[in-house]
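Here the structure comes first, spelled out in structure tokens, and everything after it is commentary.
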Amino acid sequence: MKQNFKLTKDQQTLVEKNLSIVHWVIVNNIHVNPGICGLEYGDLFQEGCLWLCKAAFTYHAGQAQFSTYAKRL
């Protein structure tokens, strides 16, 4: 995912307050198996943080709650 975008201070705060969404999605939707070569929890968390930033960047207040929007993006 190569995109260049700069988050505003409000968008950065939105990401910081909702980092738990990344953990929730990993735990509830992805089975992490460290015995299999591939992505481990830390890798998935980093990728999830990038997607959370993308969600904050494209989110428009009033569409839905941010947590709902971020989980569906």
Side-chain angles (χ1 to χ4, degrees):
M1 179 174 89
K2 174 113 170 107
Q3 285 186 318
N4 293 324
F5 54 87
K6 185 165 175 67
L7 297 178
T8 66
K9 192 68 172 167
D10 290 339
Q11 290 168 334
Q12 290 175 9
T13 302
L14 195 58
V15 169
E16 291 169 6
K17 289 183 178 181
N18 289 282
L19 281 174
S20 62
I21 292 172
V22 177
H23 173 75
W24 183 89
V25 169
I26 293 169
V27 169
N28 290 306
N29 297 311
I30 300 171
H31 178 69
V32 179
N33 187 345
I36 298 175
C37 293
L39 299 176
E40 294 182 5
Y41 179 85
D43 299 318
L44 294 169
F45 192 83
Q46 286 181 356
E47 191 68 25
C49 289
L50 291 174
W51 281 100
L52 190 63
C53 289
K54 181 180 179 183
F57 185 72
T58 60
Y59 176 69
H60 301 289
Q63 282 182 322
Q65 288 184 345
F66 179 73
S67 59
T68 304
Y69 176 77
K71 288 176 192 174
R72 295 188 182 273
L73 184 65

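Nothing fancy with the numbering, it's 1 onward along the sequence.
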>> Strictly by side-chain hydrogen bond (donor to acceptor under 3.5 Å, both in side chains), give each pair with a member in residues 56-73 just once, sequence neighbours left out.
In response: Thr58-Tyr69

>> Please give me the minimum heavy-atom distance between Lys6 and Gln11, naming the atom from each residue.
In response: O-OE1, 4.0 Å

> Going through the checks in order, is the side-chain contact (heavy atoms from CB on, under 4.5 Å) test met by Val25 and Trp51?
Replying inline: CA-CA 12 Å; Val25 169; Trp51 281 100; over 6 Å; no

Return all side-chain donor-acceptor pairs below 3.5 angstrom for residues 14-23, not counting sequence neighbours, or 'none' if the list is empty.
from	atom 1	to	atom 2	distance (Å)
Asn18	ND2	Leu14	O	2.7
His23	ND1	Tyr41	OH	2.7

> Once you round to the nearest 0.5 Å, how far does CD1 of Ile26 lie from CD of Glu40?
Replying inline: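 That separation rounds to 12.0 Å.
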
